[in-house]
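One structure below.
Numbering of ligands and ligand atoms starts at 1, following listing order.
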Amino acid sequence: MKPIHVLAVTSELFPLVKTGGLADVTGALPLALAGEGITTTTLLPGYPSVLAILQNAQQIHIAPKFFGAPARLLRAEHAGLDLVILDAPHLYARPGGPYAGPDGADWPDNAQRFAALARMAADITKLQLPGLQPDAIHAHDWQAGLTAAYLAGQPRRPGTVFTVHNLAFQGLFPSTLLETLGLPPELFSIDGIEFHGMIGFLKAGLALADRITTVSPTYAAEIQTPDFGMNLDGLLRHRAGRLFGILNGIDCQVWNPAADHAIPSRFAATNLAPRAKNKRALQQKFGLHGTDEKMLLGVISRLTWQKGLDLLLPCLDELESLNAQLVILGTGERALEDGFRAAAAQNPKNIGCVIGYDEPLAHLMQAGIDALIIPSRFEPCGLTQLCALRYGALPIVARTGGLADTVIDANEAALANGAGTGLQFGPGHLRPALRRAAALWRQPEIWRKLQQNAIASDVSWQQPAKKYAEILRQVSR
Ligand code: ADP
């Protein structure tokens, strides 16, 4: 197979900068694609935290005036990834996160900050930099959505794949910015970058890329319906022949219960007994009553409307009768944070809550809880259920998007066939699902079989990488 070179364009990349699953995907996919004969260079904004880590980066290009001030391209390698960093201090050298300042408010010039990223991706294809002549460009989410727009009209351009990780984040900005962003006015139309009178960065990617992918087959189907399409379902139906759903994997080195240094008691699929120690460590960490007699449920999540955790709060009155405890790790909307804090304060022996973002604790939770609850209203793919499967924590998931595609419900038929890797529930049915889980947990042999099935699920990047490789090859030129 002919080797091809891909330029990935993203605003987040694990392990350098992460706010969610996007970073996990962009950090892991290049390594998986290498096995398919595809080399990847990833273009990433030069946030201060990124530049601080990449101190040996080499300057490869200077743009004297780029979105109003000088910018540079730096090349670096990190964690097996080949990187090009857009060092544009006027756009990125500030405190806070990738999209918002320390006060949580979005940066007012996010349109410029991420248009610049896409513009540079397009410019790179003309710069003839050594080792940087991509056959295809893989742009991720609205932040890279304008890439195909900037490439439009360029006679010799690489093919483009646009991956949407979450249709809810659309990158909408006033049309008055058209000139500032250097976008060709003729693209401001229903077939291009215009979305209800605004410039739609995500819309641009969906309309103009040669192929669109999203992160699960079910989500690919759902977003073509008015219920999930966020006003883009018409466009997505129109482009259905170019739209593919490819499940995410997880990095099975980072998430490996047999060699995980974040957990006190490591374990292999063949022997799950050491999980008990992790459960005890968790109960201690969260200040819960330490016992093997109760099922330990967990939540690891952004606390937002999408994740449906407001639906869990009213079910907590049932923990006693379920003979269960709950540990929550998350951060997000104030009302949800307060709701779970209050629930923990009311029932401290059985509910523990850490408001914050804590990767090592997420590992310990996956290694010690019996089941992970994910009641999302929509979920493009979801990664936490994949980690849970790998760690033998049974996912209890809403039947939507990637959750529906990755968890096999332990219903009667599945149990009769020795199948099942977790539980699925339909809208409004979280409470019965928790009861069903409690009933299964009371039957240790069945539960252990389900755990073994879960651990045997293939959650690696191997199969997804093959599918991405096929699509990247289709567009490469
Ligand atoms: P999303 O990208 O919508 O937030 P995903 O399930 O796709 O949801 O990915 C979330 C990622 O972030 C997972 O790797 C998960 O373990 C991690 N995560 C989410 N919240 C926390 C938290 N509070 N602490 C540690 N890790 C978290």
First-shell residues of ligand 1 [heavy atom, distance under 4.0 Å]: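 Its neighbours under 4.0 Å (heavy atoms only) are Lys18, Gly20, Gly21, Asp24, Ile300, Ser301, Arg302, Lys307, Leu329, Gly330, Gly356, Tyr357, Asp358, Glu359, Ala362, Gly382, Leu383, Thr384, given by chain and number.
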
ring-ring contact (aromatic ring centres under 6.0 Å, His included) contacts touching residues 233-276 (sequence neighbours left out): Trp255-His363, Trp255-Tyr391

Polar side chain donor-acceptor pair, Asp458 to Ser460, under 3.5 angstrom: yes

Aromatic plane relationship, Tyr92 with Tyr47 - under 30° parallel, 30 to 60° tilted, over 60° perpendicular: perpendicular

Under the ring-ring contact (aromatic ring centres under 6.0 Å, His included) test, residues paired with Phe201 that sit two or more places apart: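 Counting only residues at least two positions away or on another chain, Phe201 forms a ring-ring contact (aromatic ring centres under 6.0 Å, His included) with Trp142, Phe173.
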
Output side-chain donor-acceptor pairs under 3.5 Å for residues 16-31, partner residues at least two apart or in another chain, one line each.
residue : atom : partner : partner atom : Å
Lys18   : NZ   : Asp24   : OD1          : 3.0
Lys18   : NZ   : Asp24   : OD2          : 3.0
Lys18   : NZ   : Tyr357  : OH           : 3.4
Lys18   : NZ   : Glu359  : OE2          : 3.3
Thr19   : OG1  : Glu12   : OE1          : 3.3
Thr19   : OG1  : Glu12   : OE2          : 2.6
Thr26   : OG1  : Glu12   : O            : 2.7
Thr26   : OG1  : Leu22   : O            : 3.2
Thr26   : OG1  : Ala23   : O            : 3.3

Pairwise side-chain contact, Thr421 with Ile455, heavy-atom cut-off 4.5 Å (strictly under): no

